[in-house]
Amino acid sequence: MKPLFLIEFALEAVKKSYAPYSNFHVGAALLTKDGQVFTGCNIENGAYSPSLCAERVAFAKAISEGVTEFEAIAIVGKEENEFKESCFPCGVCRQVMAEFCEPSFKIYLGNDKSTFETYTLGDLLPKSFKL
Ligand code: THU
């Protein structure tokens with residue numbers, strides 16, 4: 001699947017973001033090795049700590065459906081209605097990726113301008129902790 005096509009899914013997902021406290025809206029689209037796409041958006045909470053990141057929502061949806069092998073993720077972020085040039089995944093999400101993905105797992109950071117950057121999980125979380 002082409003990166004821009006996966007970013008289109010993330011751009012749809014960000015529309016569902018529930019982020020009334022930060023006004024920072026995130027959408028993610030997770031591509032599985034067998035070609036399925038699971039999307040996620042951030043879901044905030046008035047008590048703050050129960051808030052969920054978009055990437056982990058996408059992983060939870062896939063894993064809870066029995067899919068555990070992943071190829072790539074596209075992430076878009078939007079602050080106060082303005083798309084970020086690139087929205088990097090937080091450290092906790094990187095650690096969740098490291099649990100299920102190889103260092104070659106692709107991370108596409110896109111926006112609404114049909115541009116994207118490509119990283120690997122190995123780039124963004126080298127020497128990750130693993131039991
Ligand atoms: N957020 C994500 O959804 N993914 C990340 O990787 C970083 C941060 C969300 C959490 C919160 O709802 C908002 O962005 C601001 O931190």
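For clarity, every value in this text was computed on a predicted model and none was experimentally measured. Start at 1 and go down the list; that is how both ligands and their atoms are numbered. When a residue number appears, it is its place in the shown sequence, counting from 1.
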* Structure fact -> Heavy-atom nearest pair, Ala13 first then Gly40, reads CB-O, 3.5 Å

* Centroid-centroid under 6.0 Å between Tyr108 and Tyr119 rings -> no

* Using distance alone, with no hydrogens and no angle criterion, decide if Ser17 and Asn42 have a side-chain donor and acceptor under 3.5 Å apart. => yes

* To do: Would you check if there is a donor-acceptor pair between the side chains of Gln95 and Ser128 at a distance under 3.5 Å?
  => no

[atom] - nearest protein heavy atom and its distance:
atom                    : value
atom 12 (O) of ligand 1 : Glu44 OE2, 2.5 Å
atom 9 (C) of ligand 1  : Asn42 ND2, 3.6 Å
atom 1 (N) of ligand 1  : Cys53 SG, 3.6 Å

* Let me see the working for Glu99 and Lys130 under salt bridge (Lys or Arg N to Asp or Glu O under 4.0 Å), right down to the final yes or no. => CA-CA 7 Å; Glu99 183 70 29; Lys130 282 222 173 163; over 6 Å; no

* Is there any N or O on Ala19 that sits under 3.5 Å from an N or O of ligand 1? -> no

* Charged N to carboxylate O below 4.0 Å: is that the case for Lys33 and Glu102? -> yes

* To do: May I ask you to identify, for Ser22, whether its side chain, its backbone, both or neither come under 4.0 Å of ligand 1 on a heavy-atom basis?
  => side chain

* Candidate with minimal heavy-atom separation from atom 7 (C) of ligand 1, of Cys90, Gly27, Ala28 -> Cys90

* Asked: For atom 4 (N) of ligand 1, is some protein heavy-atom partner under 4.0 Å away?
  -> yes

Can you list the ligand 1 atoms lying under 4.0 Å from a non-hydrogen atom of [X]?
X     : answer
Glu55 : 2 (C), 3 (O), 4 (N), 5 (C), 6 (O)
Phe24 : 13 (C), 14 (O), 15 (C)
Val26 : 1 (N), 2 (C), 3 (O), 9 (C), 14 (O)

* Can you check whether Met97 reaches Ile73 side chain to side chain, under 4.5 Å on heavy atoms? -> yes

* Asked: Side chains of Lys84 and Phe24: closer than 4.5 Å at any heavy-atom pair?
  -> yes

* Asked: Is Pro89 in contact with ligand 1, taking contact as a heavy-atom separation below 4.0 Å?
  -> yes

